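One structure is given below, encoded as structure tokens.
These figures come from a predicted structure and were not determined experimentally. Order of appearance sets the numbers: ligands from 1, and atoms from 1 within every ligand.
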Amino acid sequence: MSTKLFNSIIVGPIRSRRLGTSLGINLLPQNSKWCNYECVYCECGWRTPLPAPLALPSCQEVQEQLEQKLQALQAAHTLPDVITFSGNGEPTMHPQFAEIMGQVLRLRNQYAPNTRVCVLTNATLIGKPEVREALQKTDITMLKLDAGNEAMLQTINQPQMPTSIEKLLSDMQHFGSRLVIQTMFLRGTIDGKPVDNTQSDEVETWLHCIERLHPIEVVLYTLDRETPAEHLEKINLATLESIAQRVRALGIIAKTYE
Ligand code: SF4
């Protein structure tokens with residue numbers, strides 16, 4: 001399979017299905033994945049042994065490289081729609097995440113005031129006040145919720161640290177009023193066992209979670225690239241739309257991306 005590991009701190013701009021033109025910020029090790037999930041669909045591939053010592057970009061490196069890039073994009077009149085924290089793993093694991101967020105917002109305000117700042121996160125660390133407060137300063141933070149029950153969480157996301165659906169939901173409920181949930185829908189087999197989070201009982205438990213959280217928006221999407229787990233397949237747009245309609249019936253905006 002092909003994986004998408006970045007070898008730089010600043011990535012792009014690239015075209016994103018969900019966000020438009022996106023300038024990426026990779027706070028994770030270069031060419032290595034660092035995450036506390038091991039999602040079966042992860043575009044970074046499976047985890048591999050990390051380099052020792054773990055080389056994370058410093059606040060100063062992020063600031064300098066982002067400033068240079070924004071200056072160049074401003075001069076070329078090609079500022080992106082969004083600056084997105086994503087990269088080779090879970091961005092909130094960076095120990096200086098909050099400080100870096102402050103710098104990124106300052107540079108955005110200086111060079112690209114019409115560009116939004118977005119974080120894609122698996123939500124496992126939003127219970128930490130400093131992480132939650134940094135995320136609340138963004139224009140959009142998308143929190144991952146691919147499962148409505150413990151078994152599906154373990155199957156799809158394979159957490160590598162102690163967590164549970166209940167802990168995730170409880171932390172999300174305390175996140176604040178601008179909650180946006182993103183959910184990957186897929187089906188296939190993993191280690192020979194069938195997996196399908198579009199099955200009616202799986203959708204039912206997931207919808208109960210969505211109803212409880214009542215986010216301002218839910219983003220439903222499906223596979224776009226090869227996955228580390230073999231034998232997984234995309235969900236078609238009609239199926240995504242039928243689930244989205246049930247979200248909309250709860251009075252919540254739902255968007256689908258095939
Ligand atoms: S949370 Fe994101 S980076 Fe981490 S394993 Fe899942 S898809 Fe990959």
Q.
Whether the E90 and T92 side chains hold a donor-acceptor pair (N or O, under 3.5 Å, no angle test) is what I'd like checked.
A. yes
Q.
Please say yes or no: joined through hydrophobic side-chain contacts below 4.5 Å, possibly via intermediate residues, are I181 and Y41 part of one cluster?
A. no
Anything under 3.5 Å between a donor and an acceptor, one on a side chain of residues 80-89, the other on a protein residue two or more places apart or in another chain? List them.
unit_1, atom_1, unit_2, atom_2, d
D81, OD2, T21, N, 2.8
D81, OD2, T21, OG1, 3.1
T84, OG1, S22, OG, 2.8
N88, OD1, F6, N, 2.8
N88, ND2, F6, O, 2.8
N88, ND2, P29, O, 3.0

**Q.** Listed once per pair and sorted, the ring-ring contact (aromatic ring centres under 6.0 Å, His included) pairs that draw on residues 207-234, sequence neighbours left out
**A.** none
**Q.** Distance filter under 4.0 Å to G89 heavy atoms, resulting ligand 1 atoms
**A.** 3 (S)
Q | Any side-chain donor near an acceptor of the partner, S242 and T239, under 3.5 Å | A | no
Q. With a 3.5 Å cut-off and no angle check, do the side chains of N122 and N157 form a donor-acceptor pair?
A. no
**Q.** side-chain hydrogen bond (donor to acceptor under 3.5 Å, both in side chains) partners for N26, two or more places apart
**A.** none
Q.
I need the protein N, O or S atoms closer than 2.8 Å to atom 6 (Fe) of ligand 1, given as residue plus atom name.
A. C39 SG
Q. Which bit of K33 is near ligand 1, meaning a heavy atom under 4.0 Å away: side chain, backbone, both or neither?
A. side chain
